Amino acid sequence: MPTSEEAARAVRLLDQGLRSSRGVHRKMAESTLHGAKTLSTDRLQLLSEFVQNSDDAGAGQLRILLRSDDILVAHDGAGLRLADVLPLGMPWLSGKTADAEATGRFGIGLSTLRALTTVWEVHCHPFHVRFSGTNLEPTAPPELPDGISGPEWTVFRIPLAPGTLTAAQLFEWFEDWNDASLLFLRHLRGLEVTAGGHSTVLTLSWEDVTQRQLLIDGVEHDVNVQHARTSDAALWRVYTAQVAPHPDWERSHKALGPVVPVGVALPLERGTNGSVHAGLPVAPLDVAARFHTQFDPVASREGFAGSRLNTQLVPVIADLWAAGVRDVLERVDHTAWHLIPLPCPPGSAPANLLQDRRWAAASSWTATSRW
């Protein structure tokens with residue numbers, strides 16, 4: 001590991017390289033950063049990006065702390081490397097496009113910070129870096145709270161002007177989140193948000209249940225079955241599998257691995273709506289299920305791209321969904337009819353294309369299934 005002095009020198013060299021870049025390239029980078037401020041309609045989109053990045057880094061815990069003049073975001077995953085520094089600060093530069101398992105792909109996540117500030121810092125020994133526009137420089141390590149001050153923590157510090165973000169606004173934003181939002185993250189098991197002397201914690205407790213042989217995409221697959229219990233005791237039955245990609249499957253701006261993960265989570269209690277995930281929830285669904293696979297999202301992660309791959313993945317997810325619902329009704333709860341979606345009322349429009357395809361798949365399945 002480099003010393004703090006060596007890390008600081010490396011950061012200065014990176015900054016020198018950026019400053020010496022040709023004018024047109026620098027202007028493009030600066031314009032992209034300015035545009036990132038309006039990339040998402042949600043000015044706190046960066047918090048979702050931090051959750052995603054923490055999971056990609058293998059973190060088990062993420063802590064968000066709003067203070068009077070800044071917000072701290074800390075995770076206990078893999079630490080910062082020199083190769084990570086430029087992608088953190090430069091728009092559309094990603095170190096994850098070749099990593100099929102990582103959720104990140106676009107390289108614009110932290111650029112959305114500009115909705116709150118133009119200056120921010122990252123601290124992970126031996127690196128202590130301050131970003132300002134397209135410039136970066138070494139900075140002094142800050143005084144950190146005990147809970148995130150150890151060497152295992154990577155801490156992002158985002159200075160805030162007075163009135164930029166209140167505790168009430170932060171908690172209001174998190175009202176759209178719940179424990180089930182973490183269902184399809186690979187590593188993250190706990191998210192704590194603290195502001196104004198109050199805290200909220202999202203967490204799941206997991207239990208391995210069994211393994212089933214289920215038909216997905218015309219082939220029998222080993223499917224892991226787990227139970228995930230939320231902090232309010234709600235229980236989800238989660239089905240996950242790995243399927244081989246078709247030769248014509250192609251992800252947008254992202255590597256395709258030898259297997260593609262697919263997952264369906266079914267609530268065993270009534271009164272729960274679902275969503276489509278690409279790691280984190282992306283689009284809501286008016287059905288009692290949550291779905292996850294390597295869908296192509298749009299860059300802002302506020303929806304899904306109209307890509308060919310997304311259309312190709314829908315029947316794969318529908319197969320696992322159908323098999324999971326059948327498994328619950330046969331083996332867990334014969335009265336779990338809340339898991340069967342009702343058809344859309346005549347003349348109504350589904351929330352999005354993916355939901356439309358799922359309604360069609362569900363209708364076909366329920367018409368041919370025998371209980």
Side-chain angles (χ1 to χ4, degrees), residues 4 7-8 11 33 36-37 40 42-57 59-80 84-85 88-89 109-133 135-179 181-182 188-203 231 280:
S4 297
V11 169
L33 278 175
K37 182 177 181 179
S40 173
D42 178 6
R43 74 182 185 119
L44 295 183
Q45 172 69 21
L46 68 104
L47 298 179
S48 297
E49 300 294 340
F50 276 124
V51 175
Q52 167 206 292
N53 289 344
S54 300
D55 189 58
D56 285 344
Q61 297 292 321
L62 177 68
R63 296 175 183 171
I64 299 173
L65 172 60
L66 177 65
R67 305 192 296 186
S68 60
D69 59 351
D70 62 17
I71 184 169
L72 302 178
V73 182
H75 71 72
D76 62 354
L80 189 68
D84 301 323
V85 174
L88 281 178
L110 295 190
S111 298
T112 59
L113 275 166
R114 292 187 68 90
L116 296 178
T117 183
T118 59
V119 178
W120 56 280
E121 303 167 2
V122 61
H123 301 275
C124 178
H125 183 77
F127 293 98
H128 302 278
V129 187
R130 182 177 185 268
F131 296 84
S132 178
N135 300 325
L136 59 155
E137 62 181 356
T139 190
E143 291 290 331
L144 296 173
D146 291 340
I148 56 173
S149 61
E152 71 274 21
W153 292 95
T154 298
V155 182
F156 295 83
R157 177 179 174 270
I158 305 164
L160 298 175
T164 300
L165 181 64
T166 67
Q169 290 169 336
L170 180 61
F171 284 123
E172 181 182 5
W173 187 84
F174 269 103
E175 285 181 0
D176 290 335
W177 289 57
N178 55 47
D179 297 339
S181 301
L182 311 181
L188 198 66
R189 292 294 178 262
L191 169 60
E192 181 179 359
V193 181
T194 302
H198 300 282
S199 294
T200 184
V201 178
L202 303 183
T203 188
S231 54
L280 287 172

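Counting begins at 1 with the first residue of the sequence. Since this is a predicted model, take the numbers as computed values, not measurements.
- Here the straight-line distance linking atom CG of Leu182 with atom CG of Asp55 works out to 9.0 Å at 0.5 Å rounding.
- When all heavy atoms of Gly79 and Cys124 are compared, the closest pair comes out as CA-SG, 3.6 Å.
- Atom CG of Asn53 and atom CG of Leu62 lie 10.0 Å apart (nearest 0.5 Å).
- Here Leu116 contributes atom CG and Leu46 contributes atom CG; the two are 5.5 Å apart, rounded to the nearest 0.5 Å.
- Between Ala195 and Leu66, the closest heavy-atom pair is CB-CB, 3.7 Å.
- His75 contributes atom NE2, which lies 10.0 Å from atom CG of Leu188 (distance to the nearest 0.5 angstrom).
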Task: Trace of the side-chain contact (heavy atoms from CB on, under 4.5 Å) decision for Leu144 with Trp153 - done: CA-CA 11 Å; Leu144 296 173; Trp153 292 95; over 6 Å; no
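- Ser132 places no side-chain N or O within donor-acceptor distance of the main-chain N or O of Asn135, the cut-off being under 3.5 Å.
- Side-chain contact check for Phe131 versus Val122: some heavy-atom pair is nearer than 4.5 Å.
- The CG atom of Asp84 lies 9.0 Å from the OG1 atom of Thr154; values are rounded to the nearest 0.5 Å.
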- [ ] For the pair Glu175 and Thr200, evaluate side-chain contact (heavy atoms from CB on, under 4.5 Å) and give the outcome as yes or no after the intermediate values.
- [x] CA-CA 10 Å; Glu175 285 181 0; Thr200 184; over 6 Å; no
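- Within the 4.5 Å cutoff, no side-chain heavy atoms of Pro151 are placed close to those of His125.
- Remark: side-chain polar atoms of Thr203 are paired, donor with acceptor, to backbone N or O of Arg189 under 3.5 angstrom.
- Here the side chain of Arg63 pairs no donor or acceptor atom with the backbone of Ile148 at under 3.5 angstrom.
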TODO: Kindly indicate, with the supporting measurements, whether the criterion side-chain contact (heavy atoms from CB on, under 4.5 Å) is fulfilled by Leu280 and Trp177.
DONE: CA-CA 10 Å; Leu280 287 172; Trp177 289 57; 3.9 Å; yes
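- Put simply, the side chain of Asp76 gets close to the backbone of Gly60: a donor and an acceptor are under 3.5 Å apart.
- In this pair, Phe50 and Phe156 present their aromatic rings tilted. The plane angle is within the 30 to 60° band.
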Task: Step-by-step side-chain contact (heavy atoms from CB on, under 4.5 Å) determination, Thr139 to His123 - done: CA-CA 9 Å; Thr139 190; His123 301 275; 3.7 Å; yes
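- When all heavy atoms of Leu170 and Leu165 are compared, the pair lying nearest together is N-CD1, 4.2 Å.
- Of all the heavy atoms in Leu65 and Pro145, the pair that sits closest is CD2-CG, 3.6 Å.
- When all heavy atoms of Asp179 and Val201 are compared, the closest pair comes out as OD1-O, 3.9 Å.
- Taking every heavy atom of both residues into account, Phe127 and Val11 meet most closely at CD2-CG2, 4.3 Å.
- The line from CD1 of Ile64 to OG of Ser54 is 8.0 Å long, rounded to the nearest 0.5 Å.
- The salt bridge (Lys or Arg N to Asp or Glu O under 4.0 Å) search around Asp70 returns Arg67, Arg157, not counting sequence neighbours.
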